Amino acid sequence: MNNNLIDLAKSLLEIKSLSPNDNGCFDVVESYLEPLGFETKRINYLNIENLYSSIGSKGPLFCFLGHTDVVPSGPEELWDIDPFKPEVIDDYLIGRGAADMKGAVATFLLAVKEFLNENPNPSYRICVFLNSNEEGERENGKIDRVIKDLQDDGEFIDYCLVGEASSSAKLADTIRLGRRGSLSGILKINGKQGHVAYPEKVKNPIHIAGTLIDILKQTEWDKGNEFFQPTSFQISNISSGTGATNVVPGDLEMKFNIRFSSESSEESLKEKILQILDRNNIDYDIEWALNAIPFITKKTFFKDVIIKSINDVVGYKPQINNGGGTSDGRWIAPMGTEVVELGPINETIHQINEKVNIHDLDNLKNIYKKILINLNQS
Ligand SMILES: [Zn+2]
């Protein structure tokens, strides 16, 4: 097994870097890249930290995009190990962030080191771009500011490889060329509180919600398209009630989220929901939050390099699936960059005992390295 890779991954996993704090992971990355000739910039704003480390002075720009922050471990007593004291057990590296996505970050660092040792003067430039708040809240900052600074400096990322855990049943069986959009809402349904024994004097917001949920559940938002599955609506929280069995509550709050394809837009979805509320004479207040708009890479050059590289290493081709949550690829894609997501198996991400197979990591390193080699030859 590749001990360099496991040791490097472990040195990142040992750092408790809960969003939006990098907490020192960038120091590990910077000290790894510096001897290879990379120049590193640290860019901080709001509560997000960013590392932008680059090498080369000619040709198109290839970017490895990732994050060093992780989600909380959840109850530590449910883990087989201390979530921030990574261990290899039965060929799996276990620890918070193993699959999402410190394993992939370590893997890319080793791949780029091996590649540059063998190809000291590639035909393109390489950058490693990491941030500390991919998993965290928007208010703490996202990478959009750094992208804007890059663009203001006249910089353009040609190819972006996002190391998020895209694989499903086996390594590299799935890549993503885009992601759906995400629109959230908080709906307050206003009713009229009163005694349950006097139905004529109350307006029960829970009953109103029942009918409304049924309609929303059955609504066809769009049919999707060749890149995306149809838009889906999900309710994530409902709260209402005074706690007493004999009181009809005065209001109800419902939180929902829509994952939408490029056949829908923020505007079209809002309009549809408001129409449904009005048509059903519902007295409501609503607050919206647009988390992401859909993005898709339609150019094929980089995608084809990646598919070829996967096939060269593991002997099969990935399927393309643009599902899953949002990713930081959404900030890069609007530049016109070709964005492809390829990373380890996503089975255990954000879960108790998050893990990644150590042979998968080694193979992923070989695939990442092959991508760098194939790009250099095309
Ligand atoms: Zn992630």
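What you see is a predicted model, and the numbers here were worked out from it, not measured in a lab. When reading the values below, keep in mind they use all heavy atoms of this one structure, side chains included, and skip hydrogens, waters and symmetry mates. In each ligand, atom 1 is the first atom listed, and ligand 1 is the first ligand listed.
Geometrically, K113 does not engage F108 in a cation-pi contact, judged by NZ or CZ lying under 6.0 Å from the ring centre and within 45° of the ring axis.
Note on residues 335-350: pairs passing salt bridge (charged side-chain N to carboxylate O under 4.0 Å, His left out), not counting sequence neighbours, are R179-E341. Listed by first and then second residue, the salt bridge (charged side-chain N to carboxylate O under 4.0 Å, His left out) pairs that reach into residues 279-300 come to none, sequence neighbours excluded.
For the Zn ion (ligand 1), the set of nearby N, O or S atoms under 2.8 Å includes none belonging to E134.
Here the N, O or S atom of E164 that is nearest to the Zn ion (ligand 1) is OE1. Looking at H67 and the Zn ion (ligand 1) together, the shortest N, O or S contact belongs to NE2. Of all the N, O or S atoms in D100, the one closest to the Zn ion (ligand 1) is OD1.
With S17 contributing its side chain and T68 its backbone, the two residues share a donor-acceptor pair below 3.5 Å.
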